[in-house]
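Numbered from 1 within each chain, the chains take letters A, B, ... in sequence-line order.
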There are 2 protein chains.
Amino acid sequence: MYIFALQMNIYSMKNKVQRQLEIRKIIQKGNIHSQEELLTELKHKGFELTQATLSRDLKVLQVAKTTHPAKGYVYTIHKNGHSEPTPAQNRVNYLADGFQGIQFSGNLAVVKTIPGYASSIAAVIDQTSPWEIIGTVAGDDTILIIQREGISKNDLVAALVTIMPKLKGRI
Amino acid sequence: MYIFALQMNIYSMKNKVQRQLEIRKIIQKGNIHSQEELLTELKHKGFELTQATLSRDLKVLQVAKTTHPAKGYVYTIHKNGHSEPTPAQNRVNYLADGFQGIQFSGNLAVVKTIPGYASSIAAVIDQTSPWEIIGTVAGDDTILIIQREGISKNDLVAALVTIMPKLKGRI
DNA sequence: GAATAAAATGTATATTTTTGCACTACAAAT
DNA sequence: ATTTGTAGTGCAAAAATATACATTTTATTC
């Protein structure tokens, strides 16, 4: 006498690819805070799996767990290849040409620029919002940078160079 | 007979800011696969802390744990935090709604606002001219507030709430 | 079809990460 | 000086996540 393993229900089984696609979608909507939570949502949509499998899927999909200031921990996913040549970079390099000098006083740094460049350069800095800098105020040819407490000149300079590589050696 | 808690080693204590800077640096070099590993490295550099504190630091720094095809799990940090686009919210036209955050550095406070709101909000502050504030400088989305000497963060926050009651609880 | 190999998944467990609580150091207020 | 408030931290426990191993499913070959 033989015992046969039960065959899977033909209707129900959605395959791995479909499942991972769905995971991708759900995460992009962006309100997932734990695997359990995601698991529940997947089950609602008819997928059957365990947390272990989910963990493996997330690994494959290169999903990351990070922090959102308000929401606590959040899972995020890269839309796709994240190595962009970014035309933004060119613009940044162009802006760096407007940079004329920097001086420090206490927790402030004052950047001098070619007239008219200040606000654009400040915008780039703000956009990047490096941790070392808590804010900037720009006039026409001057940017005031307020450093985070405890930051050294070198740290700040390093941060600026990170943003505008062309500045390297010029500060 | 009394038992005294041991004082912290005067030499050793490096503060939080320094520590988080170091964490940032280490992670940017990009070969950290677990908090324990990072912890070890930090200890080598003379920082004393536990994994629990590290976990909290990583949260503040918005460090993410993700997967690298080859390296397994890796901790990464955003230079430019992928800022939330703030879905065009049904924002009423109250100025306080333009308020996005405040940070302090020395005797300065930096207020971040929704683009375009800074000067209006600053104008309101100037008009009220609270004793705690010597003056303000506004850009497009940033206000620099220069505090009177001896004023605490709380005092300043209180002053702002007085001016804009809606801020209560939001600062 | 049966036999075998490879891939996918579940179970149980190990590992890692997060957090509630208590305590200390320090700043601010009285 | 004393009190009060708060940020920073360690400890221990909880919660979340990853994985070794066993089992099932799918694919491949005869």
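Residues of residues 51-59 of chain B that place a heavy atom closer than 4.0 Å to DNA chain D, in numerical order, are B:Ala52, B:Thr53, B:Arg56.
Taking the side chain as every heavy atom from C-beta outward, B:Thr66 and B:Tyr73 never approach each other to under 4.5 Å.
Taking only side-chain atoms of A:Lys65, from C-beta outward, the nucleotide of D:dA18, C:dT9, C:dT17 with the closest atom is C:dT17. When each of C:dT11, D:dT9, D:dA18 is scored by its nearest atom to the side-chain atoms of A:Thr50, the top-ranked nucleotide is C:dT11. Nearest nucleotide to the A:Gln35 side chain, out of D:dT19, D:dT17, C:dT9: D:dT17.
Nucleic acid contact class of A:Ser34 (heavy atoms, under 4.0 Å, all strands): sugar-phosphate only.
Rounded to a whole Å, the CD1 atom of A:Ile32 is 15 Å from the C1' atom of D:dA16. Atoms CG (A:Leu42) and P (C:dT9) sit 12 Å apart, rounded to a whole Å. Between the CD atom of A:Glu36 and the C1' atom of C:dT18 there is a distance of 15 Å, given to the nearest Å. Across the protein-nucleic acid pair, A:Leu39 atom CG and D:dT17 atom C1' stand 12 Å apart, rounded to whole Å. Counting to the nearest Å, the C1' atom of D:dG8 and the CD1 atom of B:Ile23 are 13 Å from each other. At whole-Å resolution of the value, CG in A:Leu61 and P in D:dA18 are 13 Å apart. Remark: C1' of D:dG10 and CZ of B:Phe47 are 18 Å apart, rounded to the nearest angstrom. Counting to the nearest Å, the P atom of D:dT24 and the CG atom of A:Leu49 are 19 Å from each other.
Note on A:Tyr73: every side-chain N or O is 4.0 Å or more away from OP1 and OP2 of D:dT17. Contact between the side-chain N/O atoms of B:Arg19 and the OP1/OP2 oxygens of D:dT9 is found at a separation under 4.0 Å.
Distance alone, capped at 3.5 Å, places no donor-acceptor pair between the A:Gln147 side chain and the A:Ile133 backbone. Remark: side-chain polar atoms of B:Gln103 are not paired, donor with acceptor, to backbone N or O of B:Val110 under 3.5 angstrom.
Across every non-hydrogen atom of A:Ala122 and A:Ile143, the tightest pair is N-CD1, 3.8 Å.
In this structure, CD1 in A:Ile77 is found 5.0 Å from CG in A:Leu61, a value given to the nearest 0.5 Å. The CG atom of A:Leu39 sits 7.5 Å away from atom OG1 of A:Thr50, with the distance rounded to the nearest 0.5 Å. In this structure, the separation between CD on B:Gln20 and OG1 on B:Thr53 is 10.5 Å, given to the nearest 0.5 Å.
Using five terminal pairs a side, the axes of the helix from C:dG1-D:dC30 to C:dT30-D:dA1 at its two ends make an angle of 30°, given in steps of 10 degrees.
The salt bridge (charged side-chain N to carboxylate O under 4.0 Å, His left out) contacts involving residues 30-39 of chain A comprise nothing, where partners must be two or more places apart or lie in separate chains.
Under a 4.0 Å N-O distance rule, the pair A:Glu22/A:Lys45 qualifies as a salt bridge.
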